[in-house]
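The structure under discussion appears below in the form of structure tokens.
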Amino acid sequence: MHALYVLLPSLCVLAIAYRYYSAFLATKIWMLDDARKTPAHTKFDGANYYPTTRWVMFGHHFAAITGAGPLVGPMLAAQFGYAPGFIWLVAGVCLAGAVHDSIVLWASVRRGGRSLPDIVKQEISPFTGFIASIAILFILVIAIAGLGITFVNALADSPWGVFTIAMTIPLGIFMGMWMYVWRKGKIQEATIIGVIGLLLAVAGGEPLNHPDSWLGSFFRLSRDEIVIALCIYGFAASMLPVWILLSPRGYLSSFTKIGTIVLLAIGVIIVNPVLQMPALTEFINGGGPIIPGPMFPFCFITIACGAISGFHALISSGTTSKMIDKESDIRPVGYGAMLVEGVVGIMALIAASSMAPGDYFAINTSPETFAAMTFQGAHLAPVHLAEIEAAVGEVVTGRTGGAVSLAVGMAQIFSRLPGMSGLLAYWYHFAIMFEALFILTTIDSGTRVGRFLLQEFMGRAYKPFAQPNNLVGGSIATALLVSAWGYFIFTGQISTIWPMFGVANQLLGMVALAVGTSILINMGNAKYIWVTLMPLAFLGTNTLYGGFLNVRDNYYPLAVGLNPARNTEGWILTICTTVMMVLAVIVLGAAIQKWAGVLSGGPVPETAEQKG
């Protein structure tokens, strides 16, 4: 099948969902009102609460939520065939993911920019809010680690990629100073400077990739050095005011991300590649070389963010709700940005499925696994990898994690455009930069959100630490959080961390949808609870079952296996996954109990949103 026959119908469905379903949500459930002042105005502090124009806010939010998940998840899930991924990406993003993101954003804006645990505390119970806080911290650390390990695997021993990504940091700071200090409000000027600077950074990295480049040796970092650099960056980005780095860099990243996806869509329309991966493969029942579990539940867990992501609830309630200028912005920012992320996932799945299966599996598995595996009854052999490696100047075989294979798939499509055949190396490294920007923006936003949550915990012991602007409390919280996710990246592997990331991410989505359902019931809008209850039922069943299989088949055997070097890792993975699942079930059980009480005439929380 040609890619165009799945791309165009998917885009039509997403457009219809935004036009009609999001309008239904905005008028019947959220009842958006621009006369209400948002927390960005009522709590303005110039650092964390800062009113941001609609499209800059859209760009920042899209950049923050769109990490490695919608790129890497569909790429890895392609081992099951292209059909399950396409169905879940389109249906999931319209009915689950975009609803999840927007209802949490709306709830947080209406509650003064409160975090997700605080909303749980208000709408369900204080004890449940405490449990939710612990669960979210666990899940957040695992989520950032899952994204970070992909970033590290993509940039290790790649001076071109490291240089390009490093240049986006001073470029983002320069844009922030331009927009908010030197030329206040001149967003178009900052945009032009940023886009030109980014293109120069991509082009300027090429000479550094040569083995004899003296300057390139400073940017040729090992895997461990990339982890350390990522931790340093995560700490700094979490502590700086949002307008200096987080917001302008996210805005710049969003331009790159959306522009690249649009360009890739145009490339797919012009090239119209054949989807070489079957609709369904023999791995749907398990035993796959990349994701070992069966299609249900692991295809949905692996795709993760492209359809629904619990991590987005932390961004919506952690940073975005504090920057929304007016309530009408919630619809394009909350619902619209998630639909665009769904498009990202669809394009990633097309790039994966259009690759020759021999190339796809040679990149995404170890050489030993690839040599031993069979596909459709025959042994595989790489098709284009030798010429690709010669063109890009890097080894791509055995570069697991999905990021490198996605870059290869994108570069192959771009290089088939008219006049582009000799630019494969540039397109490959542009794609690596594109992916790394996705990941890095999510890591810095996620670390900042985690810092706020951890400071709330620390405030129980010493009240001033709970203030977002407390430098000492913020530094301690950030250092603890960075150390935690840095450990998992340093010691983990994509085959163990990504499935745990998928489970953690979807468990958080389950919690957020349970809270959304509670809000609708508490405000007297129970007739619309199907909006959140349907995706909650699917997500809860799928994720809890997947988590059980992960522990039973992957992590516990690693903990008690014959390789003592990995026993500790196995126990940590087993314990963390089990704890996350237990905490999520406690929150869900408390929510159901609260629903039953309110629907049977019990007391409604005083803080509940009133209908009408």
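These numbers come from a predicted model, not from an experiment.
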Verdict with reasoning, Leu264 to Phe414, per side chain to side chain contact (heavy atoms under 4.5 Å, CB included): CA-CA 7 Å; Leu264 184 57; Phe414 286 142; 4.0 Å; yes

Aromatic ring pairing Phe24/Tyr528, orientation class (parallel under 30°, perpendicular over 60°, tilted between): perpendicular

4.5 Å side-chain heavy-atom contact, Asp325 and Thr53: no

Qualifying residue, where the test is side-chain contact (heavy atoms from CB on, under 4.5 Å) with Leu507 and the options are Ile139, Leu588, Val587, Ile142: Ile139

Side chain to side chain contact (heavy atoms under 4.5 Å, CB included) between Leu7 and Ile350, intermediate numbers included: CA-CA 8 Å; Leu7 175 61; Ile350 288 174; 4.0 Å; yes

Spacing of Met410 atom CE and Ile261 atom CD1 [to the nearest 0.5 Å]: 6.0 Å

Contacts of type side-chain hydrogen bond (donor to acceptor under 3.5 Å, both in side chains), residue Ser108, not counting sequence neighbours: Ser321

Separation of Asp118 CG from Leu453 CG (nearest 0.5 Å): 9.0 Å

Nearest heavy atoms of Thr447 and Gly234, plus distance in Å: CG2-O, 3.8 Å

Qualifying residues under side-chain contact (heavy atoms from CB on, under 4.5 Å), relative to Ala512, sequence neighbours excluded: His100, Val104, Leu116, Ala313

Over all atoms of both residues, closest heavy-atom pair of Ala514 and Ala591: CB-CB, 4.2 Å

Smallest separation among heavy atoms of Ala348 and Met75, with atom names: O-CE, 4.1 Å

Leu339/Tyr335 under side chain to side chain contact (heavy atoms under 4.5 Å, CB included): CA gap, chis, key distance, verdict: CA-CA 7 Å; Leu339 290 186; Tyr335 196 95; 3.5 Å; yes

Donor-acceptor side-chain pairing of Ser317 and Arg111 below 3.5 angstrom: no

Note, Leu32 side chain near Lys326 side chain (heavy atom, < 4.5 Å): no

Distance (rounded to the nearest 0.5 Å) between Ile413 CD1 and Ile266 CD1: 13.0 Å

Euclidean distance, Asp329 CG relative to Arg331 CZ, rounded to 0.5 Å: 12.0 Å

Nearest non-hydrogen partners of Ala477 and Met458, listed with the distance: CB-SD, 3.8 Å

Backbone of Asp101 reached by a side-chain donor or acceptor of His312 within 3.5 Å: no

For Gly148 against Ile489, the heavy-atom pair lying closest together: CA-CD1, 3.7 Å

Step-by-step ring pair (Phe, Tyr, Trp, His ring centres under 6.0 Å) determination, Phe311 to Phe501: CA-CA 10 Å; Phe311 180 80; Phe501 157 71; 8.1 Å; no

Candidate pair Ile119 and Ile519, rule side chain to side chain contact (heavy atoms under 4.5 Å, CB included), full reasoning: CA-CA 9 Å; Ile119 298 174; Ile519 291 171; 4.0 Å; yes

Any Lys322 side-chain heavy atom under 4.5 Å of Pro39 side chain: no

N/O donor-acceptor pair under 3.5 Å between Glu123 side chain and Gly516 backbone: no

Proximity of Phe62 and Trp55 rings by center, below 6.0 Å: no

Beyond-backbone contact of Val6 with Ile346, side-chain heavy atoms, under 4.5 angstrom: no

4.5 Å side-chain heavy-atom contact, Trp30 and Leu105: no

Enclosure of Lys37 NZ (heavy-atom neighbours >12, cutoff 6.0 Å): no

Pairwise distance CG(Leu539) to CE(Met510) - rounded to 0.5 angstrom: 7.5 Å

NZ/Lys594: more than 12 non-hydrogen atoms of other groups inside 6.0 Å: yes

Side-chain heavy-atom pair Trp595, Ile529 within 4.5 angstrom cut-off: no

Student check: side-chain heavy atoms of Cys231 and Trp485 closer than 4.5 Å: yes

Aromatic plane relationship, Tyr50 with Phe44 - under 30° parallel, 30 to 60° tilted, over 60° perpendicular: tilted

Gap between atom CG of Leu583 and atom CZ of Phe130 - 0.5 Å precision: 9.5 Å

Centroid separation Phe538 to Trp88 less than 6.0 Å: yes

Thr38 side-chain N/O to Ile324 backbone N/O, donor-acceptor pair under 3.5 Å: yes

Side-chain H-bond candidate by donor/acceptor type, Ser309 with Asn505, under 3.5 Å: yes

Nearest heavy atoms of Ser10 and Val90, plus distance in Å: OG-CG2, 3.5 Å

Flag side-chain contact, heavy atom, 4.5 Å: Glu341 against Cys305: yes

